[in-house]
Amino acid sequence: MITLAIDFDFGVVREYMFNDVILEGVWITLQVAVIAQIIGVILGVLFALMRVSGSRVLGLFAGIYVWLFRGTPALLQLLILYFGIPQLFDNQTITTELTAFRAAIIAFGINEGAYMTEIMRAGILSVESGQMDAAKSVGMTQMQAMRRIVLPQAMRVVVPPTGNEFIALLKNSSVAFTIGLVELTGAANLIYSVNFKIMELLVVAGIWYLVIVTVFSLVQVEIERALSIGDRDRQQSLFSRMSDMMAGRRIP
Amino acid sequence: MTANGETLLRCEGVHKRFGKLEVLRGIDLDVARGEVVVVLGPSGSGKSTLLRCINHLEKLDSGRIYVGGELVGYVERDGKLREDSEREVARKRSGIGIVFQRFNLFPHLTALGNVIEAPVHVKKLPRKQAEEAGRALLKQVGMADKVDEYPNRLSGGQQQRVAIARALAMQPRLMLFDEPTSALDPELVGEVLDVMKSLARETQMTMVVVTHEIGFAREVADRAVFMDGGVIVEEGVPADMFNAPKEPRTQLFLSRIL
């Protein structure tokens, strides 16, 4: 007789859900993703402005940046930064200062900047040219008009894809595991390589990713609603916002 | 005529081309301080481009435009024109108000926010003072009760009146109107024209108005200019030109719109 026994212990999942190593991993994952995303947004705004500036030199520079960092895998960029660069310079300071944590933030931030450049550029181009005309006609310079009139309007278009980028970054930060960073996936790996409760720990990591992503999705819905000022002043309950989110509807 | 003879706007031999298309082919136009000039012409005749050139939203290919004796958009040295610095262009533009066909209000700002944006951030007026002046301007255009509304909650006519207040907030000496009522439902045209009329009569604002509103032109304008194919074909006192146009092209155009 064949018995089909499933070897899975929910008790282990419960036990490790709030394990110190796992919680430390969650914290590292959050820090890497948030800081890298902030770097990405700043780089994205700067390079997008170069792309729409009309200057050939700046446009080309920004174009090469996007081409280079979008055209190669983030993992490769991470390996180059963490292992490649120290080899080139053979400098003690670089080796000690460039921790896995810092390398992950820098590499993911620069990589994210390339994607954010394209998102920001699309956002800027989505604003009617009449807005720039009107801003200039009341005496604003190009930069003032960008900052005060065009960018705030571009944000509405930019937030949804930026949310996607951030969620992707949260999950893809797990590749930093390969340079020895103990983020969430790395923490699970560290534990199951000792106790061999592989599936249980992977489920623990999965649940944590879902929790984090859900919380940030709600934050995103909130930001989109705040930016929709002037579109419609509609207040919504948390429940209808969540159901909107689950249904993939966007708050206008 | 209300004009007292002092020239506020002078266009000399203005040429403008977009690629192969020559949109303006030598425009000479003088407008005196306090004068209201209406520009008419078929679509594609270069009317809007002329207005956009006057406040340097478009660069010129040749010719010169002066407002209040100052060259707009360029500096002249030894008879040669050089593009002016961005800051100077912005400063000169702020003295020239323009009202667009499609309003172009800033949708993320309230009516008052639209009006005080430039006074606060360009002229650096204290916010309180700018708000006070802004409210007075919105009252002047009959929008006192919509101060805190966002543009998408306003009708086209209301939006255009806010746009006029926004242009006036920088205390321009010249106002340009680019078909200000063309995008409006017919029943909303009157309220915008009324604001423009009182602007002309009560504040003696110098105005260049591109429009097809013949009634407005007859009633308010000191002079009508007819453009076709990038040149000024005919100009004169509105009533004379509408009653007895001299040029065949003017006759043809008027016969179609009257």
Side-chain angles (χ1 to χ4, degrees), chain A residues 45 49-50 52-59 120 122-160 162 222-236 250-252, chain B residues 48 51-52 54-58 73 85-111 113-124 148-154 162-163 165-172 174-176 178 183:
Chain A
V45 170
L49 288 177
M50 289 185 197
V52 301
S53 68
S55 150
R56 193 165 289 192
V57 178
L58 293 179
M120 290 289 174
I124 290 168
L125 295 179
S126 77
V127 179
E128 260 189 281
S129 67
Q131 291 291 312
M132 184 54 95
D133 285 348
K136 284 183 172 174
S137 78
V138 289
M140 290 192 198
T141 60
Q142 176 93 10
M143 269 329 267
Q144 272 179 316
M146 266 292 166
R147 202 164 51 79
R148 300 218 36 98
I149 305 300
V150 176
L151 284 179
Q153 293 181 59
M155 284 309 140
R156 288 186 209 180
V157 178
V158 161
V159 167
T162 303
E222 204 56 44
I223 294 174
E224 286 176 27
R225 205 177 53 89
L227 284 175
S228 72
I229 280 177
D231 273 357
R232 205 170 304 177
D233 25 351
R234 192 172 67 168
Q235 283 289 337
Q236 277 199 323
R250 193 161 295 147
I251 308 303
Chain B
S48 293
L51 288 195
R52 292 175 60 84
I54 292 173
N55 72 352
H56 204 58
L57 286 175
E58 302 289 350
S85 74
E86 207 203 339
R87 200 154 281 283
E88 264 306 289
V89 172
R91 184 185 67 75
K92 283 174 189 166
R93 269 201 200 110
S94 71
I96 306 168
I98 184 163
V99 173
F100 300 93
Q101 182 176 359
R102 309 236 23 118
F103 331 133
N104 297 356
L105 286 182
F106 307 133
H108 59 305
L109 301 176
T110 61
N114 267 274
V115 175
I116 68 169
E117 178 67 17
V120 171
H121 295 283
V122 176
K123 233 184 212 173
K124 311 288 182 197
D148 295 320
E149 291 286 4
Y150 284 92
N152 70 323
R153 311 254 305 191
L154 302 174
V162 173
R166 174 178 69 180
L168 291 174
M170 291 301 276
Q171 298 172 306
L174 170 67
M175 282 284 283
L176 310 172
D178 187 6

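Values below: all heavy atoms of this structure, side chains included; hydrogens, waters and symmetry mates excluded.
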Tell me, for [X] versus chain A, whether the close heavy atoms (under 4.5 Å) come from the side chain, the backbone, both or neither.
X: B:L57; value: side chain
X: B:L105; value: backbone
X: B:H121; value: both
X: B:F106; value: both

Do [X] and [Y] come close enough that some side-chain heavy atom pair is under 4.5 Å?
X: B:M170; Y: B:P119; answer: yes
X: B:N55; Y: B:L174; answer: no
X: B:I116; Y: B:R166; answer: no
X: A:V138; Y: B:E117; answer: no

Quick one: do B:R52 and B:D178 make a salt bridge, cutoff under 4.0 Å? no
CZ of B:R91: more than 12 outside heavy atoms within 6.0 angstrom? yes
For A:Q131, is it the side chain, the backbone, both, or neither that has a heavy atom closer than 4.5 Å to a heavy atom of chain B? both
Partner chain A: residue of B:V89, B:N104, B:T110 with the largest heavy-atom pair count (under 4.5 Å): B:N104
Based on non-hydrogen pairs under 4.5 Å, which of A:R148, A:E128, A:M140 is most in contact with chain B? A:R148
